[in-house]
Amino acid sequence: MERYEFAELQRKALEALNIPLVIYQFIDNRVVTLLVTDGMSKLMGVSKEEIIDLFDKDMYKDTHPDDKARVADAAYKFASGTGNYDVVYRSMSKKINDYVIVHAHGEHYFAEHGEMLSTTVYMVEGLGGGQDDKITGEIASNYQDLLKKESLIRDNFYDSLTGLPNMSYFLMLADAGKKALIEEGLSPCMLFFDLTGMKFFNQKYSIHEGDNLICAFGQILKNHFSTENCGRLSQDHFAAYTASDGLEEELEQIFDELQKANEEKTLPVRVGIYSITYGDVTSSAACDRAKIACDQGRGSYNSKYYYYSDELHKQMLMHQYVVNNFERAMENRWILPYYQEIVRSVNGCVCDEEALARWIDPEKGLLPPDKFIPVLEDTQLIHKLDLYLLDRVLEDLKETKDTGHPFVPVSINLSRNDFVLCDIVGEIISRVEASEFTPDYITIEITESVSSLDISYIGEQIKRFHDAGFKVWMDDFGSGYSSLNILQKLDFDTIKFDLRFMREFGESKKSHIILEELVKMATKLGIETVVEGVETIEQVKFLREIGAIKQQGYYYAKPISLNDWFTIFDSRIGLVMENKDELDYYNTIGSTNLVEPKINADYNWQLDEFFGQIPMGIIEVKNRATRILRYNNTFAKFLIKTDYTTEDKLGGASIPSNKLIPIGLNDALKKAYKTGKWEYMENIGEDSLSVNCFIKYLSGNQVSGFYAFEIVILSMDTIDKD
Ligand code: C2E
Ligand code: CA
Ligand code: CA
């Protein structure tokens, strides 16, 4: 490396400075003094040439012996290119023949051809001994003032940990700097940096180690963008502005360096980039947008950069619109519940409705919940929406009742944050108590994302709902990672399988098996099951067969407004509403486990030892007329073979049978009705058919007059008449 030569004019201007300053260059691990100012000469009381000579011979000659090692160590680290030089030590003053306290502060910079130079400023902070010399006293106090000003500047403009400009100063610098870039014909961009997992890092290693990492990252940014082009905004958030050319390569280098920084005790970093129209907005706005871009990477644990896009821009405008207009939207009733029907598998009747929020905006038209719910969650307003929607649901129930329409329980959705933002349970209880409806008409849906809150607290809240008479459903089961865990810890009445199960339905047989096993598990736990997102008849048939109790999806109905529902209901083209008096009957039928019948309890037979899938089903009978309520696959085959039904009718709810049941079977049913136990029936059937089976009476429907029985077929013989 060559010795750096200043241009003549530059050297003169620098040497004339009154600040005690020395410029060094590091050549082959050696410190070479390039330039000394008049201020430095005055401070030391010797000529500039003498200083250079002195430094070249023995840099630490005047340093107090006890301080030598420390100063030399700091200087060595500084010379090797890491960090700034900041030492306070005692140095012998020729003028007063005693030690003075010197504060040396050095920073690196790079000259045109990549030479690493450093400027070190020396400040006398006071006298080392106790002497009171007038002149040095004055010099000292002058520098004290300077120092105070300097530290004032530092405190107000720079971050004390990293030495980078703080947020407000950085934004000022960036506003000026981007103009310079534009004038040079370059396109400026704003970068936002967020170290990923800082909280966890601090817990794992200590806050001190966290500070070290932050300093190391600050240093990387300084090296790439220079001190005045980057800043520390807060905690582990940094920003920088630069020209867009070559940016991606630069970022990849930064990622590499960060990976090796702080002795590899380090973290990945996410970067947001804002470049479009940065010329037209303030650096502050640009920084906000870079942050929004950066947040796209939430949840990712690799170093990566993300651009601010037009799509993101639209989202941001929507975000602002929602926040600014939310109160107005409630006042003007732009937000209202839409209702989606939930259908009971066995009878095809509507047994519940789910209230789903819609925002019908006079300007923007219909806004679905994904446009405003995440915003309200982010801005901690979501509980207001959820309570408002409950009020609207209670009003709608009243209107339904007052106009003589039938109604079923309505479920409302709660967000995780509702439990953080207010006493949501108390608020809901008091609203429902003030209405004319009992709590069994309002069902609470809670998503599995509550698992990130204190689980015992959520458990208590669910208990409060239960004690007050509300049913609590777990929504979106299977969408996260903790479904099974919270199912074990929390007491839900119902689980609602996430849409994804139906989305994957057509794609793999595996999803069928998983869903079947999960429904089986829930049934064993005494938890009711709802499957949402049902769109096709194949799905409907499958869900009936595996015993999913309720279904919801576009196959049956889309969410609609109450007025639309009235229109459809009144024109009698809609689904039939379930009568509340039939509830016990259908609950019994729904909760009967067709997978493993409890015959064993009465007969001590281990049925599945002998059979693969045993034909099992539930039929309901009135005066020998039969309807098939539930069946498994093999029972369906039996029904077709015996002409009770045809292939095309399967999958429908309560399938009426093609013919009356034989007298023998009817008598057997009567017997089972009387005992209430599993009854074994031999040779019942018609002329050409002999059937052995188990039968058990389940329940009677007061409204329709039908009686339901569970049937397990053990064998079937066709009797050859010839
Ligand atoms: P969710 O509670 O899981 O609601 C089910 C969503 O799936 C609804 O979307 C519904 O319209 C849709 N859906 C129903 N059947 C089908 C189907 O067969 N196929 C498909 N592809 N989709 C179907 P929506 O109404 O857009 O609601 C989205 C989410 O917004 C809801 O998911 C819920 O998490 C949230 N949400 C809606 N209203 C509220 C509310 O009042 N409060 C809170 N906190 N969240 C709400
Ligand atoms: Ca829901
Ligand atoms: Ca759901």
Side-chain angles (χ1 to χ4, degrees), residues 171 174 187-194 196 233-234 237-241 244 247-248 251 269-330 332 334-336 338 356-386 388-389 413 415-418 420-421 447 449 452 476 479-480 498-500 503 559:
L171 294 175
S187 71
C189 62
M190 177 63 83
L191 309 175
F192 181 92
F193 299 85
D194 186 354
T196 310
L233 307 183
S234 65
H237 298 164
F238 296 82
Y241 73 95
S244 303
L247 175 65
E248 297 187 356
L251 289 173
V269 65
R270 286 193 306 258
V271 189
I273 306 170
Y274 178 73
S275 54
I276 32 171
T277 68
Y278 178 21
D280 305 334
V281 302
T282 61
S283 291
S284 164
C287 205
D288 286 345
R289 292 176 190 182
K291 181 181 184 316
I292 291 171
C294 180
D295 286 345
Q296 288 176 99
R298 263 189 206 160
S300 145
Y301 289 94
N302 295 324
S303 288
K304 221 173 151 184
Y305 49 80
Y306 303 87
Y307 282 95
Y308 187 89
S309 62
D310 289 340
E311 182 52 35
L312 214 53
H313 190 66
K314 272 191 217 137
Q315 275 175 27
M316 191 197 70
L317 294 179
M318 182 53 88
H319 185 104
Q320 279 168 357
Y321 185 83
V322 167
V323 174
N324 295 341
N325 292 282
F326 173 52
E327 289 289 339
R328 196 151 71 112
M330 290 193 292
N332 293 332
W334 295 343
I335 301 178
L336 73 166
Y338 266 36
L356 294 156
R358 296 290 181 270
W359 176 325
I360 303 188
D361 194 89
E363 209 181 282
K364 299 186 183 293
L366 188 147
L367 305 181
D370 63 344
K371 287 269 187 298
F372 58 92
I373 301 248
V375 178
L376 297 175
E377 282 173 342
D378 271 3
T379 49
Q380 318 215 320
L381 294 166
I382 188 67
H383 59 301
K384 295 196 178 177
L385 172 86
D386 286 339
Y388 163 88
L389 211 78
N413 289 281
S415 282
R416 189 198 99 101
N417 281 353
D418 288 338
V420 181
L421 295 168
T447 68
S449 67
S452 55
D476 302 337
S479 64
D498 193 60
L499 298 161
R500 71 168 56 184
R503 214 164 280 153

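We count residues from 1, following the sequence as given.
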Could you please spell out the steps behind the side chain to side chain contact (heavy atoms under 4.5 Å, CB included) verdict for Asp295 and Phe192? CA-CA 10 Å; Asp295 286 345; Phe192 181 92; 5.6 Å; no
Parallel, tilted or perpendicular: which describes the rings of His313 and Tyr308, with under 30° parallel and over 60° perpendicular? perpendicular
Are Thr282 and Ser284 linked by a side-chain donor-acceptor pair shorter than 3.5 Å? no
Which pairs of donor and acceptor atoms, one on a side chain in residues 371-386, lie under 3.5 Å apart (sequence neighbours left out)?
unit_1: Glu377; atom_1: OE2; unit_2: Ser415; atom_2: OG; d: 2.6
unit_1: Thr379; atom_1: OG1; unit_2: Val375; atom_2: O; d: 2.7

Test side chain to side chain donor-acceptor pair (under 3.5 Å) applied to Asp194 and Arg298, Lys291, Arg270, the passing residue: Arg270
Hits for side-chain contact (heavy atoms from CB on, under 4.5 Å) against Lys304, two or more places apart or cross-chain, chain-then-number order -> Tyr306
From CA spacing to verdict: side chain to side chain contact (heavy atoms under 4.5 Å, CB included), Leu191, Phe238: CA-CA 8 Å; Leu191 309 175; Phe238 296 82; over 6 Å; no
Is any side-chain heavy atom of Trp359 closer than 4.5 Å to one of Val322? yes
Are side-chain heavy atoms of Met318 and Leu367 found at a separation under 4.5 Å? yes
If you round to the nearest 0.5 Å, how far is CE of Met190 from SG of Cys287? 5.0 Å
Supply the atom-to-atom distance His319 NE2 to Ile292 CD1, rounded to the nearest 0.5 angstrom. 7.5 Å
Could you tell me if the side chain of Arg358 sits less than 4.5 Å from the side chain of Pro559, heavy atoms only? yes
Looking at residues at least two apart in the chain, or sitting in another chain, which of them share a side-chain contact (heavy atoms from CB on, under 4.5 Å) with Val281? Tyr274, Tyr278, Ala285, Ala286, Arg289
For the atom pair CH2 (Trp334) and CG (Leu366), what is the distance rounded to the nearest 0.5 Å? 14.0 Å
Worked verdict on Asn325 versus Asp361 for side chain to side chain contact (heavy atoms under 4.5 Å, CB included): CA-CA 10 Å; Asn325 292 282; Asp361 194 89; 5.5 Å; no
With no hydrogens and no angle check, is any side-chain donor or acceptor of Tyr241 less than 3.5 Å from a backbone partner on Ser283? no
Is it the case that more than 12 heavy atoms not belonging to Asp370 sit under 6.0 Å from its CG atom? yes
Non-hydrogen atoms of Gly272 and Ala293 that approach each other most closely: CA-CB, 4.0 Å
Minimum side-chain heavy-atom gap Lys314-Leu317 below 4.5 Å: no
Under 3.5 Å, is there a donor-acceptor pair between the side chain of Gln296 and the main chain of Tyr307? yes
Atom CZ in Phe326, atom OH in Tyr388: separation rounded to 0.5 Å? 9.0 Å
Looking only at non-hydrogen atoms, find the nearest pair between Ser449 and Arg416 and report the distance. O-CD, 3.5 Å
Treating Thr447 as the side-chain partner and Asp476 as the backbone partner, does any N or O pair qualify as donor plus acceptor under 3.5 Å? no
